[in-house]
Amino acid sequence: MRLSRFFMPTLKETPSEAQIASHRLMLRAGMIRQSSAGIYSWLPMGLKVLKKIENIVREEMNAAGCNEVLMPTIQPADLWRESGRYEDYGKEMLRIEDRHGRDMLYGPTNEEQITEIFRASVRSYRDLPSNLYHIQWKFRDEVRPRFGIMRGREFLMKDAYSFDIDHESSKSAYNRMFVSYLRTFDRMGLKAIPMKADTGPIGGDLSHEFILLAETGESEVYCHGDYLDFDVPPDGIDYDGDMQSIVDKWTSLYAVTDEKYVAEEFDAAVPEDKRLHTRGIEVGHIFHFGTKYSEAMGATVLDQEGNATHLQMGSYGIGVSRLVGGIIEASHDDDGIIWPEAVAPFHIGLINLRPGDDATDAACEDLYEKLGNAGVDVLYDDTDERAGGKFAKMDLIGLPWQIVIGPRGLKNGIAEVKNRASGIKEELSLDETLNRFTG
RNA sequence: CGGGGGGUAGCUCAGUCUGGUAGAGCACUCGGCUGGGGGUCGAGCGGUCGCAGGUUCAAAUCCUGUUCCCCCGACCA
């Protein structure tokens, strides 16, 4: 993509509404624009990242044996009256009336919808276990949206729902999602630690929040430092295999959010030099809730003896849009964003320092074309802005690599390759530069 | 929902107290000098001062109402 034809309205100054780093940088890098409180438009740069994150989530869900569906954003109120949540949910739920006077709502979540779909189609234990997910926009009318995309009212979420015949099987479904989440966040270059979460009125130990460690996080967390070095389950792992030992390992050490924190327990469980007390961002939440919805909504299957049995269910969320902000919180510096390669909007930023100079233009165009042919996603700054502005802008948008070509280096056939994360610059010949990214 | 702060050019903000021709920097357009870390000189473009009503010869400024946004708290994936 040529920068001259790319819609990327960057800002030199920080808009006054942005307080935290990710919000500030997303606005400055031209990724999002606010529409109203907690509601944003996604501009090309932001949308590319959002889609990359969404795809990683999708790939890992599919690998774990889940089926993708797409449920509507607008749901009928009657569905929620069945579960009793229409009355319980309160003002967080955006309620709408259609032209016929029917009560509708913009879905804050989809337990009712998925249960309705499942109960209408599945009759036998033979069709279990099953896990359906979708990636869809949700709306929760938060009293006070904040932190930009991190806690908006409208947000993109992946939510999965598992259906099983009994508790034992449901626990296996839970474990598969647990492992899948470890892989998903790791692929995005994140350290997300599963922490004990509130199980609410249902009880049990099957609820974990996946927390991203970041100093600007919204809640305090306490955990064992060794989690940072734990191995993540490998690509291609067999989800029919032993998930329990992985879950056991990843839940063996102390890790809680502040509402579950007890100083004495923390001190007793973690040696002093391993105590990690920082802030965190919740990017995933997995939860087993048993028959709460299947009983309220009459979702049953016949078991092997022919008895109608209520489905055991669990739900598994990942905040896809929140992750965009979360990744930036975890990976930025004073100059701008530092994208992990897996979610970067482009792999390389190619800077032409002197558009209009024949030799410089020719070298840039040649490299741009060859990299493109090799399938490398390049943002080519072909504008005639000054060098300083180009460097600052490229650092701001945080592409993993920068290739700088100007008359000075070109006299010796040299391009400069800079790694955004380390800041290390190398002088390479044009061929070496090409090979570096295509070899 | 309680408390606080705001809305003036695309962005950051002054001007409001004390009413009297709407400003600066950045951005943008044109031209000159420049040319490897947001340069420089000159000339431009750009505003129903959130909205409605009131007071006044005269309102960005005073009064009333209203709406939107931000921050702290409570709440929350």
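Chain A is the first sequence line, chain B the second, and so forth, proteins listed ahead of strands; every chain is numbered from 1.
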Mind checking who [N] pairs with, Watson-Crick or G-U wobble, both distances under 3.5 Å?
{"N": "B:G73", "result": "B:C1"}
{"N": "B:C28", "result": "B:G44"}
{"N": "B:A9", "result": "none"}
{"N": "B:G19", "result": "none"}
{"N": "B:C62", "result": "B:G54"}

Pairing donors with acceptors under 3.5 angstrom, does anything connect the side chains of [X] and [Y]?
{"X": "A:Asn62", "Y": "A:Tyr133", "result": "yes"}
{"X": "A:Glu154", "Y": "A:Trp137", "result": "no"}
{"X": "A:Tyr106", "Y": "A:Arg140", "result": "no"}
{"X": "A:Trp401", "Y": "A:Glu341", "result": "yes"}
{"X": "A:Asp431", "Y": "A:Ser429", "result": "no"}
{"X": "A:Asn352", "Y": "A:Glu365", "result": "no"}

Between [N] and [M], how many Å separate the two [atom1] atoms, rounded to a whole number?
{"N": "B:U29", "M": "B:C70", "atom1": "P", "value": "31 Å"}
{"N": "B:U40", "M": "B:C26", "atom1": "C1'", "value": "15 Å"}
{"N": "B:A22", "M": "B:G36", "atom1": "C1'", "value": "41 Å"}
{"N": "B:G42", "M": "B:A58", "atom1": "P", "value": "41 Å"}
{"N": "B:C1", "M": "B:A74", "atom1": "C1'", "value": "8 Å"}
{"N": "B:A52", "M": "B:C57", "atom1": "C1'", "value": "23 Å"}
{"N": "B:A43", "M": "B:U66", "atom1": "C1'", "value": "43 Å"}
{"N": "B:A27", "M": "B:U21", "atom1": "C1'", "value": "27 Å"}

Check the orientation of A:Tyr261 and A:Phe266. Use parallel for under 30°, tilted for 30 to 60°, and perpendicular for over 60°.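 Because their plane-to-plane angle is over 60°, the rings of A:Tyr261 and A:Phe266 count as perpendicular.
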Parallel, tilted or perpendicular, as decided by the 30° and 60° cut-offs, for the rings of A:Tyr174 and A:His208: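 Tilted.
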Where chain A begins and ends its contact with RNA chain B, read 5' to 3' at 4.0 Å from heavy atoms: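 Here the contact window of chain A covers B:C1 to B:A77.
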At under 4.0 Å between heavy atoms, what does [X] touch on the DNA or RNA strands: base, sugar-phosphate, or nothing?
{"X": "A:Gly409", "result": "base"}
{"X": "A:Arg33", "result": "nothing"}
{"X": "A:Asp159", "result": "nothing"}

Cation-aromatic face contact A:Lys48/A:Phe346, 6.0 Å, 45 degrees: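 Output yes; distance and angle both within limits.
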Distance under 6.0 Å and angle within 45° of the ring axis: does A:Arg2 meet both against A:Tyr380?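 No.
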Contact check, residues 352-361 of chain A vs RNA chain B, heavy-atom distance under 4.0 Å, returns A:Leu353, A:Arg354
Looking at residues 86-97 of chain A, who's got a heavy atom less than 4.0 Å off RNA chain B? A:Lys91, A:Glu92
Hey, which sits more toward the 5' end of RNA chain B by its nearest nucleotide, A:Asp384 or A:Glu142?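 Nearest nucleotide further toward 5': that of A:Asp384.
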In terms of the nearest nucleotide of RNA chain B, which residue is placed more toward the 5' end: A:Arg408 or A:Ser35? A:Arg408
Side chain to side chain donor-acceptor pair (under 3.5 Å) for A:Asn175 and A:Ser172? Distances and angles first, verdict last. CA-CA 5 Å; A:Asn175 287 347; A:Ser172 297; 5.5 Å; no
Passing candidate, side-chain hydrogen bond (donor to acceptor under 3.5 Å, both in side chains) with A:Lys138, options A:Thr73, A:Asp159, A:Thr109: A:Asp159
NZ of A:Lys249: more than 12 outside heavy atoms within 6.0 angstrom? yes
